[in-house]
Amino acid sequence: MSRRRQWHELPESVRAEVERHTGPVSSVAIIPSGASCDVAVTLDTATGRAFCKGGESSSPNAWLYRNEARVNPWLPKAAPRLLWTVERDGWLLLGFEHVAGRHPDLAPGSPDLPLLSALLTELGDQLTPCPPIAVRPFADRWHTLIAPELVDGDTLLHTDMTPRNFLVPEGQAGSATKLADWSAPARGAAWVDAAFLALRLVRAGHPPSEAEAWAAQIPAYAAAPERSVTGFAEALVRLWQRKLVVPAPHHGPLLDAAQRWTAYRESLPRGRDLRSCVASPNGPVQRWGAGDSRSA
């Protein structure tokens with residue numbers, strides 16, 4: 001990730017253009033980690049608080065900002081609203097409604113897990129069929145990793161299920177969990193985002209059987225063909241092996257999680273129905289088959 005830019009480092013003309021949308025900015029809080037953008041700040045302004053992200057319009061990441069601006073009008077309420085876009089003097093900035101909250105805990109037994117399965121269920125319903133917007137098919141993006149027919153579909157996917165993209169409200173009656181950073185959308189099988197998050201659960205300490213039992217609460221995942229899910233897990237191994245060529249701290253743990261998930265899936269009997277997996281609301285996770293109530 002490139003160095004975060006301080007607000008005062010931006011050209012005065014760019015800051016003035018932002019204030020044309022927001023009114024005077026009274027204070028700025030930089031967000032030091034997270035998304036790979038040059039600017040990530042919370043702005044206190046005359047019209048309220050906003051989250052601003054972006055970078056140089058000629059940077060390698062500029063297409064991600066444009067993606068996010070283009071898809072945002074088609075997203076449901078679970079995604080923070082895009083309030084304005086500023087492109088001026090070599091900079092591209094996006095302003096979103098500010099969402100207060102924390103990132104979820106993915107550890108076994110976390111009370112956040114039911115919130116995430118409910119959110120992905122809701123998004124799958126709302127974004128199938130895919131809205132009429134041009135997004136790259138997920139099968140095309142992963143064409144060197146997996147057979148296209150295994151992940152093809154007509155759901156608008158997020159595809160970046162890192163916990164930092166989720167915001168869980170704290171002590172706010174009526175507030176709902178949000179999913180931010182839709183910079184890498186794709187059109188594909190409705191179960192794919194749940195599978196991406198299942199991998200994150202394995203990394204967070206869940207045995208693969210429990211991660212799948214959590215995911216099976218999401219109808220699209222429960223209905224996914226076994227062959228497709230196994231192919232997806234194997235593709236994740238290939239993906240993270242390739243990323244190790246230029247390693248980052250999270251690459252190794254995600255490769256390890258993908259390898260453990262793949263080994264688990266290869267040990268399963270053929271013809272197993274994912275709908276036989278059930279997760280309790282707050283964990284521990286259990287897996288039931290016909291006449292079987294044993295804990296996984």
Side-chain angles (χ1 to χ4, degrees), residues 1-105 112 115-116 119 123 133 156 158-185:
M1 185 185 74
S2 58
R3 180 182 70 86
R4 282 278 196 266
R5 299 294 187 93
Q6 299 287 337
W7 184 248
H8 65 78
E9 294 181 278
L10 298 179
E12 183 178 355
S13 59
V14 174
R15 287 181 279 133
E17 185 67 14
V18 169
E19 290 189 326
R20 192 176 68 80
H21 294 277
T22 67
V25 173
S26 56
S27 66
V28 179
I30 191 169
I31 298 172
S33 62
S36 54
C37 46
D38 298 324
V39 175
V41 294
T42 298
L43 303 176
D44 284 305
T45 79
T47 55
R49 183 168 286 184
F51 171 65
C52 175
K53 65 183 287 189
E56 295 183 76
S57 54
S58 60
S59 76
N61 289 326
W63 67 276
L64 294 170
Y65 315 142
R66 299 187 195 283
N67 262 353
E68 193 164 6
R70 187 167 50 84
V71 76
N72 188 267
W74 299 94
L75 298 177
K77 292 181 179 179
R81 294 295 89 200
L82 178 65
L83 303 176
W84 42 263
T85 300
V86 164
E87 185 164 7
R88 180 164 181 171
D89 295 339
W91 287 85
L92 174 58
L93 301 179
L94 308 181
F96 293 89
E97 65 172 327
H98 181 265
V99 177
R102 58 175 175 81
H103 302 313
D105 176 8
D112 295 336
L115 301 177
L116 300 181
L119 174 61
L123 287 172
I133 181 174
L156 181 61
H158 182 281
T159 79
D160 188 8
M161 293 286 105
T162 173
R164 69 171 180 260
N165 286 336
F166 293 90
L167 291 166
V168 178
E170 292 188 288
Q172 301 175 62
S175 297
T177 303
K178 300 280 190 175
L179 179 57
D181 195 0
W182 289 76
S183 58

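For this chain, numbers begin at 1 and follow the sequence in order.
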TODO: State the NZ-CG distance between Lys77 and Leu123, to the nearest 0.5 angstrom.
DONE: 13.5 Å

Open item on the list: Closer than 4.0 angstrom, basic N to acidic O: yes or no for Arg20 and Glu17?
Closed with: yes

Task: SB check Arg15 Glu9 (cutoff 4.0 Å) - done: no

Open item on the list: When you measure from the side chain of Ser57 to the backbone of Gly90, do you find a donor-acceptor pair of N or O atoms at a distance under 3.5 Å?
Closed with: yes

- [ ] Please report the C-alpha distance between Thr177 and Leu167 in whole Å, then the side-chain angles of each, then the deciding distance to 0.1 Å, and finally whether the side-chain contact (heavy atoms from CB on, under 4.5 Å) criterion is met.
- [x] CA-CA 6 Å; Thr177 303; Leu167 291 166; over 6 Å; no

Task: Nearest atoms (heavy-atom pairs only) where Leu93 meets Gly54 - done: CD2-CA, 4.0 Å

- [ ] Mark yes or no for whether His103, through its side chain, and Phe166, through its backbone, hold a donor-acceptor pair below 3.5 Å.
- [x] yes

Open item on the list: Could you go through Leu94 and Leu83, starting from their C-alpha distance and side-chain angles, then the distance that decides it, and tell me whether this counts as side-chain contact (heavy atoms from CB on, under 4.5 Å)?
Closed with: CA-CA 8 Å; Leu94 308 181; Leu83 303 176; over 6 Å; no

Task: Sidechain N-carboxylate O distance under 4.0 Å for Arg49, Asp44 - done: yes

Open item on the list: Nearest 0.5 Å, please: how far is CZ in Arg70 from CH2 in Trp63?
Closed with: 10.0 Å

Open item on the list: Show the nearest heavy-atom pair for residues Leu82 and Ala69, with the distance to one decimal.
Closed with: CD2-CA, 3.7 Å

Task: Electrostatic pair Arg5:Glu56 at N-O distance under 4.0 angstrom - done: yes

Open item on the list: Please check: side-chain N/O of Arg4 versus main-chain N/O of Cys37, any donor-acceptor pairing under 3.5 Å?
Closed with: yes

Open item on the list: Is any side-chain heavy atom of Pro185 closer than 4.5 Å to one of Asn67?
Closed with: yes

Open item on the list: When you compare the side chain of Asn72 with that of Arg81, does any pair of heavy atoms fall below 4.5 Å?
Closed with: yes

Task: Residue from His158, Lys53, Arg164 passing side-chain hydrogen bond (donor to acceptor under 3.5 Å, both in side chains) with Asp181 - done: Lys53

Task: pair Leu10-Trp91: side-chain heavy atoms closer than 4.5 Å - done: yes

Task: Qualifying residues under side-chain hydrogen bond (donor to acceptor under 3.5 Å, both in side chains), relative to Thr159, sequence neighbours excluded - done: Arg141

- [ ] Specify the closest pair of heavy atoms between Pro104 and Pro163, including all atoms of both residues, with the distance to one decimal.
- [x] CD-O, 3.3 Å

Open item on the list: Please list all pairs meeting salt bridge (Lys or Arg N to Asp or Glu O under 4.0 Å) that have one or both residues in residues 91-104, counting only residues at least two apart or in different chains.
Closed with: Arg102-Asp112, Arg102-Glu170

Task: Thr162 (side chain) donor-acceptor with Asn165 (main chain) under 3.5 angstrom - done: no

Open item on the list: Looking at every heavy atom in both His21 and Thr85, which two are closest together, and how far apart are they?
Closed with: NE2-O, 4.1 Å

TODO: Mind checking the CG-CG spacing from Asn61 to Asp38? Nearest 0.5 Å is all I need.
DONE: 7.5 Å

Open item on the list: Quick check: closest heavy atoms across Gly23 and Ala46, and the distance to 0.1 Å?
Closed with: CA-CB, 4.0 Å

TODO: Please examine the side chains of Trp182 and Leu75, heavy atoms only from C-beta on, and report whether any two atoms are closer than 4.5 Å.
DONE: yes

TODO: Decide yes or no for Val41 and Ile31: does some side-chain heavy atom of the first lie under 4.5 Å from some side-chain heavy atom of the second?
DONE: no

Open item on the list: Do Trp7 and Leu43 have side chains that approach each other closer than 4.5 Å (heavy atoms only, starting at C-beta)?
Closed with: yes

Open item on the list: Check whether Thr47 reaches the backbone of Thr22 with its side chain - one donor and one acceptor, N or O, closer than 3.5 Å.
Closed with: yes

Open item on the list: Please report the interatomic distance OG(Ser183) to CG(Asp160), rounded to the nearest 0.5 Å.
Closed with: 6.5 Å

Task: Minimum side-chain heavy-atom gap Leu92-Val86 below 4.5 Å - done: no

TODO: Please report the closest heavy-atom contact between Trp84 and Cys52, naming both atoms and the distance.
DONE: CH2-SG, 3.9 Å

Open item on the list: With a 4.5 Å cut-off on side-chain heavy atoms, are Val18 and Thr45 touching?
Closed with: no

